[in-house]
Amino acid sequence: MFVVSGLHVGIITGILENILKKIPLKENKKRFIIYLFLGGYLVITNFMVSVLRVSFAYILKNIIKNETTSLDKIIINMIIVLIINPFFAFQYSFILTYLISTMIIIINPILINKKNIFVYILNNIIISCLSVIITLPIVVNISSSINLLSIIYNIFYIPFVSYIVLPISLIISFCPFLENFVGFIYIFFSSSINFLGRINFFTLIVPSLNTISMLAYYIILFLSVYWLENKKIYLLIFPLLFLVCWYYKANIDIYDKVVFLDVAEGDATHIKTAFNKSNIIIDTGIDTDDSVVSYLQKQGIRKIDLIIISHGDSDHNGNLEKLINNFDVRCVVLSVYDLNTYNILKKNNFNKYKLVKRGTIFSVENIRFDVIWPEYNMNDVNNNSLVFKMYLDDVSFLFTGDIEKQAEEGLLKLENRIDTNILKIAHHASNTSTKEKWLELVSFDIGVAMCGSKNTFGFPNVYTKMRLKNYEVYYTIDKYTITFYKTFFTKKFRVKFQIDG
């Protein structure tokens, strides 16, 4: 609210103007004082986009006295800001502040010009609804969770912030003895927001859009207005169809995908088959990183058929509780020796789980899993990690959790050779794993090492990288999110790398 609207700058400028009215100075000197204030405030706020917009709006209003329209001024304003820093065009704050401001200017003629409380509420509802519609493709790229009740909340919170929170925040700068009173208002403000934020009956999880889809959205939005003006109501079937396809984005995706996510620490892999037939998560990353939940919501995933937890370390099961509480999770698979993950399930009263060990075979749709480790309890969390082969059509993936040298040697006694197409390098490519004998046992085409872009353990280890130098191995710390994908009617996987999953 503060960053995008620049509301605080307008209020401060208004207060300053009222003070200067009581001082016997010429108008040009009063304006010069305000210009100096705005310049200083820009420096203090590090030239924040919204402050720039409001500052230049004030200056242009006083400089340009001809027949220039408000729309002309906002465009001139935007050009000046982009001249100062062209890279502002890539910031969400720039896009949102100018998009909403331009929208308000355009719709201003349709707003009711009467001063009473009911008209004020009606106008705010119109502005809030149109703001949601105009900014939706951009907002969902920031957060996929859209609470429709925010339209109603704005009616109360905007005046509350405008006429109570901001003025009092300024007053306390000169009257520090009011600190306790302001503290009470702040507690009320934050508590009410937190309470209302938990009301999620009208919350929608909306997938993100790429640039082409965003462009299509705004073209369709423009055409919808044109069709309404020309009373061609039947053509509104096209925007409705677009919205349905957008909301069910995952269901029209023709690709099978195995996505090794770039998480802050730990492992997290998403397997999705074409047309959203099945979704599988293998490990969930660390609990202080919400990127797994955010990624799934942006993909339009609402149902998870299977979550497999390799072992009980927090960088592998950290987000399990969030996934259980935010998605329709059908089953969780864990090792018979994984007490930590078992306790998380019991704490959340989640009883749809399956305990597995060597020899267990299970499947989801056309995806089969063969568990080859652990055979017995090694009394070590990492070495009790699940090791299993996943078969997706004719392609196999070997997942190894965080097994170390001891578990690798245990598998050497049980297996003569393990062949796989894609190998998940064990334990984030640390030096405790992926020893020479293990590499003699396992034959693979491509390796993926999930090192964690913010890990503090020095992954990948330089000696492990040396042992893997003759293999084709991708590291998430270099390649970020690594996606293997193919269409539902082809057999060969392709690979792509991207930062945002």
Side-chain angles (χ1 to χ4, degrees), residues 144-145 205 250 257-272 278-335 337-356 362 364 367 369 371 381-382 384-388 390 397 399-403 424-428 448-455 457 459 476-477 480-483 500-501:
S144 293
S145 180
I205 302 301
K257 298 177 183 177
V258 178
V259 186
F260 294 89
L261 290 163
D262 171 40
V263 292
E265 286 188 27
D267 284 7
T269 305
H270 175 219
I271 297 97
K272 176 186 176 297
S278 53
N279 285 284
I280 299 163
I281 300 295
I282 300 173
D283 289 331
T284 69
I286 197 162
D287 59 349
T288 54
D289 176 22
D290 289 332
S291 59
V292 176
V293 173
S294 175
Y295 160 82
L296 291 172
Q297 289 179 339
K298 287 184 177 182
Q299 298 303 310
I301 305 300
R302 300 174 184 86
K303 166 187 69 74
I304 302 175
D305 297 278
L306 189 65
I307 298 176
I308 302 174
I309 302 297
S310 64
H311 64 293
D313 278 347
S314 61
D315 61 335
H316 289 256
N317 68 8
N319 278 297
L320 178 59
E321 187 169 356
K322 293 176 186 175
L323 292 177
I324 289 172
N325 292 325
N326 287 281
F327 297 87
D328 176 17
V329 177
R330 305 293 173 84
C331 183
V332 175
V333 169
L334 63 153
S335 165
Y337 308 116
D338 186 356
L339 185 60
N340 293 340
T341 303
Y342 178 79
N343 287 336
I344 292 174
L345 297 177
K346 286 302 178 186
K347 174 188 170 185
N348 288 273
N349 297 314
F350 190 86
N351 298 314
K352 297 177 288 185
Y353 60 87
K354 182 180 180 68
L355 302 175
V356 301
F362 56 96
V364 176
I367 306 174
F369 298 87
V371 181
V381 175
N382 284 343
N384 277 338
S385 292
L386 291 178
V387 178
F388 54 89
M390 181 187 80
F397 294 76
F399 290 88
T400 54
D402 277 0
I403 61 167
K424 202 286 292 187
I425 305 297
H427 203 182
H428 323 293
V448 175
M450 304 183 73
C451 305
S453 58
K454 297 179 183 177
N455 85 81
F457 302 98
F459 301 141
T476 57
I477 202 166
Y480 306 102
T481 291
I482 300 165
T483 303
D500 61 358

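This is a predicted model, so every value here is computed, not measured. Starting from 1, each residue takes its place in the sequence as its number.
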Verdict with supporting geometry, L320 and I307, side-chain contact (heavy atoms from CB on, under 4.5 Å): CA-CA 8 Å; L320 178 59; I307 298 176; 4.0 Å; yes

Would L334 and L355 count as a side-chain contact (heavy atoms from CB on, under 4.5 Å) here? Give the steps. CA-CA 5 Å; L334 63 153; L355 302 175; 3.6 Å; yes

Look up atom CG in D402 and atom CG in D267, then write down how far apart they are to the nearest 0.5 Å. 6.0 Å

For N325 and E321, indicate whether the former's side chain and the latter's backbone hold a donor-acceptor pair under 3.5 Å. yes

Over all heavy atoms of both residues, which pair between V258 and F397 is shortest? Give the atoms and the distance, please. CG2-CZ, 3.7 Å

Working to the nearest 0.5 Å, report the span between CD1 of I403 and NE2 of H427. 11.0 Å

Are side-chain heavy atoms of Q297 and I301 found at a separation under 4.5 Å? no

Worked check of salt bridge (Lys or Arg N to Asp or Glu O under 4.0 Å) between D290 and K322: CA-CA 9 Å; D290 289 332; K322 293 176 186 175; 2.4 Å; yes

side-chain contact (heavy atoms from CB on, under 4.5 Å) between Y353 and K346, worked out: CA-CA 10 Å; Y353 60 87; K346 286 302 178 186; 3.7 Å; yes

Do side-chain atoms of K352 reach the backbone of V329 as a donor and acceptor pair under 3.5 angstrom? yes

With no hydrogens and no angle check, is any side-chain donor or acceptor of D305 less than 3.5 Å from a backbone partner on N279? yes

Just how far is it from atom CD1 of I271 to atom CD1 of I280, taken to the nearest 0.5 Å? 5.5 Å

Whether D289 side chain and S291 backbone form a donor-acceptor pair below 3.5 Å: yes

Would you check if E265 and F457 make a side-chain contact, meaning some heavy-atom pair closer than 4.5 Å? yes

Does any donor atom in the side chain of H311 or N340 lie under 3.5 Å from an acceptor atom in the other side chain? no

For this output row, return yes or no: ring centroids of H270 and Y295 closer than 6.0 angstrom. yes

Shortest non-hydrogen separation from H316 to I309 and the atoms involved: O-CD1, 3.8 Å

Within a strict 4.5 Å, meaning less than it, do heavy atoms of the V259 and T481 side chains meet? yes

What's the verdict on side-chain hydrogen bond (donor to acceptor under 3.5 Å, both in side chains) for T476 and D262, showing C-alpha distance, side-chain angles and the deciding distance? CA-CA 6 Å; T476 57; D262 171 40; 4.6 Å; no

Just jot down the ring-ring contact (aromatic ring centres under 6.0 Å, His included) partners of F350, sequence neighbours excluded, or say none. none

Which label fits F362 and F369: parallel for a plane angle under 30°, tilted from 30 to 60°, or perpendicular past 60°? parallel

Taking the side chain as everything from C-beta on, heavy atoms only, tell me whether R330 gets closer than 4.5 Å to L306. no

Passes side-chain contact (heavy atoms from CB on, under 4.5 Å), F260 versus T483? Steps please. CA-CA 6 Å; F260 294 89; T483 303; over 6 Å; no

Contact check, side chains of I304 and L323, non-hydrogen atoms, under 4.5 Å: yes

Evaluate side-chain hydrogen bond (donor to acceptor under 3.5 Å, both in side chains) for T341 paired with N317, printing each intermediate quantity in order. CA-CA 7 Å; T341 303; N317 68 8; 3.1 Å; yes

Short question: side chain of S314, backbone of I286 - any donor-acceptor pair under 3.5 Å? no

Quick one: pull up OG in S278 and NZ in K303 and give me the separation to the nearest 0.5 Å. 6.5 Å

Rounded to the nearest 0.5 Å, how far apart are CG of L261 and OG of S294? 10.5 Å

Specify whether F388 and F399 have parallel, tilted or perpendicular ring planes, treating 30° as the upper limit for parallel and 60° as the lower limit for perpendicular. parallel

With a 4.5 Å heavy-atom cut-off, do V381 and Y337 have their side chains touching? no

Would you find a donor on one side and an acceptor on the other, under 3.5 Å apart, between the side chain of T400 and the backbone of K424? yes

Check: T269 and D283 side chains under 4.5 Å, non-hydrogen atoms: no

Nearest heavy-atom neighbours spanning V292 and A268: CG2-CB, 3.7 Å

Considering non-hydrogen atoms only, spot the tightest contact between G300 and A250 and give its length. O-CB, 3.8 Å

How many angstroms lie between atom CD1 of I324 and atom CG of N348, to the nearest 0.5 angstrom? 5.0 Å

